Number of protein chains: 2
Amino acid sequence: MDVDTRLLRYFAAVAEEGTLTGAAARLFVSQPALTKQMRRLEDDLGVRLFARSRSGMALTDAGREFASRVPALLGAWDEAVQATGRVARVLRLGFLDAGAVGAVPEVIAEFRRAQPKWRVELRQFDWSDPSAGLARGEVDAAVVRLPFPGQGGFVVRELFTEDRGVLLPARHPLANSETVEFRELRNEPFVAAGSETGAWRDHWLAAEERDGYPVRVGAVTSRPDEWLSAVAGGCVALAPASAARFYSHPDVVFRAVRGVSPSRVGLARSRRHVHEAALHELLQAMTRRLSRS
Amino acid sequence: MDVDTRLLRYFAAVAEEGTLTGAAARLFVSQPALTKQMRRLEDDLGVRLFARSRSGMALTDAGREFASRVPALLGAWDEAVQATGRVARVLRLGFLDAGAVGAVPEVIAEFRRAQPKWRVELRQFDWSDPSAGLARGEVDAAVVRLPFPGQGGFVVRELFTEDRGVLLPARHPLANSETVEFRELRNEPFVAAGSETGAWRDHWLAAEERDGYPVRVGAVTSRPDEWLSAVAGGCVALAPASAARFYSHPDVVFRAVRGVSPSRVGLARSRRHVHEAALHELLQAMTRRLSRS
DNA sequence: CACGTCCATGCCGCCAGGTTATAGAAGCAG
DNA sequence: CTGCTTCTATAACCTGGCGGCATGGACGTG
């Protein structure tokens, strides 16, 4: 009988939540997907795990037994991944955009000098996961934009802040000004991240700075190229200052904005002490690099 | 990071075997499939697990670390499945053909009387797995035809024997005789099981009774309906006497055969003592039923 | 009686994982 | 040196599983 960890995570969520609908929302999948998965799990085991009712999914005795073992299974898997990485001396580092990592190659080079036996493996993630792979255990640490959903579950060290500006279509009237007031942008259609990113999405729509003015969402994207295209197509989007250096598009311009808080960049890692020494050294390398620039 | 148990089993096989080609043969999958899977595993972990060379795949240090943990992971998973079945009082029973199970409903009914709290879940398997799901952990016990590949890994109790006869096309010359000598069949094209079933396939081709005459394989099938069609199409196939009762086809006849050993039917279960009491009772029910008929 | 809130089902599109065929590299025998 | 063998890697293709959307059905509630 084959099963994968995703199915176990699904099951754990449904068991805790008590409803498919609720678990689906938490896992960012559709409710029918969970219906099917839970049924498949029951079929494979040959055991009814849930008692269905209009009010939700209640665990049966067998379901409780199974549920009591799932965390250990997932934990052991995670443990195995960590241990393997430790032996291989590989540090998986997630990031969302080049700007957040700052001078990536220099930081890595600095780190290599301090920890010649370790290797850093960089992984870029799109905006469907603001934790840059940390939430799914795909990386050991991640350079993230704060705040991000689920942040409380991790150890976060703030690295630096960076002003936020705006990307505008080149022929937009405001493109002529050197600096834009945020309130001038409030009625523009914004490019937003997927709704599964919650507070993170709101932060990049500057929900806090709107004084109650409703958001107009002009497009939803999760990748830089789509993002730029959407702006070229007439939307606007807040962006960190570094975006002006790392991304460019002929029909898109970057302008400073007054009236929005800066973007905070941090290094996040799991609460469990994984790769302690190496991570410490990485942090050192980053801060040394920052203090120099 | 999501992974499934199949991938872990693949990895374990490659690690033990030392070559993809060898492991592929053992797992009955193609070698390119393993190439891709092992690479994916390495990519997901961000770690080189194997040192490749023309002579095979050697584990790296990290690979050894990972390999040392895989058996425990698979074991814990198996354990969880068992425990859940124990609480739910479900006994998963595999079988290949109705004849082997004998009078299924009666045995089940008898079992229910003795163990009213337990439920038997029957699962039929095709001939691609002569262990009827036991090898893959899909069932707790299985009614099998002996001998079957991998039999040594299980506890097997022989239940009864049954004469083997032959299925012939209705218009085959030998169909006129009441009884056929096996040597008259030696040059006929036989229907065979897939080559992955090894000795089991040979047994149903009566390899031992051929005195060295080579086998002519006329068709390869893994399911009863294809099997009958192949016979209707001009092949012949050995079959247990009960097949005459449970399977029928207008253009196929069953005839007794002299000169082949009978088929032995047994109950097989895992070496680890799972569902001890219930299995004991099931065995009782079967033997009671057998002694009565 | 209409509405909200669950879970279940049907249909569709996509991708992971499998297969076969073939290429490439390297040892080994003659 | 050449041809044979034995590995792994790559390419092209096919299929089934999984997820998404839309909808249905059951049932409690205002």
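Just so it is clear, the structure is predicted and the values come from calculations on it, not from any experiment. Throughout, a chain's letter reflects where its sequence line sits, starting with A, and its residues are numbered from 1.
- Not counting sequence neighbours, B/E79 has no partner by the salt bridge (Lys or Arg N to Asp or Glu O under 4.0 Å) test.
- By the ring pair (Phe, Tyr, Trp, His ring centres under 6.0 Å) test, B/F11 is found to be paired with B/F50, B/F66, residues two or more places apart in sequence or in another chain being considered.
- B/S131 meets the side-chain hydrogen bond (donor to acceptor under 3.5 Å, both in side chains) test with B/D129; sequence neighbours excluded.
- Residues from residues 30-47 of chain A placing a heavy atom under 4.0 Å of any atom in DNA chain D, listed by number, are A/S30, A/P32, A/A33, A/K36, A/Q37, A/R40.
- Interface residues of residues 9-26 of chain A facing DNA chain C, ordered by number: A/T19, A/L20, A/T21; criterion, heavy-atom separation under 4.0 Å.
- Evaluation of the salt bridge (Lys or Arg N to Asp or Glu O under 4.0 Å) rule for B/R112 yields no partner, not counting sequence neighbours.
- Among residues at least two apart or in separate chains, there is no ring-ring contact (aromatic ring centres under 6.0 Å, His included) pair with a member in residues 20-47 of chain B.
- Protein atom CG of B/D2 is 19 Å distant from nucleotide atom P of D/dG17, rounded to whole Å.
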**OP:** Show your reasoning for whether salt bridge (charged side-chain N to carboxylate O under 4.0 Å, His left out) applies to B/R52 and B/E42.
**Re:** CA-CA 13 Å; B/R52 274 96 165 149; B/E42 288 180 324; 2.9 Å; yes

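- Within the structure, salt bridge (charged side-chain N to carboxylate O under 4.0 Å, His left out) pairs that include any residue of residues 10-23 of chain A comprise A/E16-A/R26, A/E17-A/R26 (at least two apart or interchain).
- Along DNA chain D, the nucleotide nearest B/S55 and the nucleotide nearest A/R54 are compared for position; the residue whose nucleotide lies closer to the 5' end is B/S55.
- Bracketed by its first and final contacts, the part of DNA chain C lying under 4.0 Å from non-hydrogen atoms of chain B reaches from C/dG17 to C/dG27 in 5' to 3' order.
- By the side-chain hydrogen bond (donor to acceptor under 3.5 Å, both in side chains) test, A/R48 pairs with no residue at all, sequence neighbours left out.
- Atom CE in B/M57 sits about 19 Å away from atom P in D/dT6, given to the nearest Å.
- The salt bridge (Lys or Arg N to Asp or Glu O under 4.0 Å) test applied to A/R64 returns A/D61, not counting sequence neighbours.
- B/R123 is linked by a salt bridge (Lys or Arg N to Asp or Glu O under 4.0 Å) to B/E121, counting only residues two or more places apart in sequence or in another chain.
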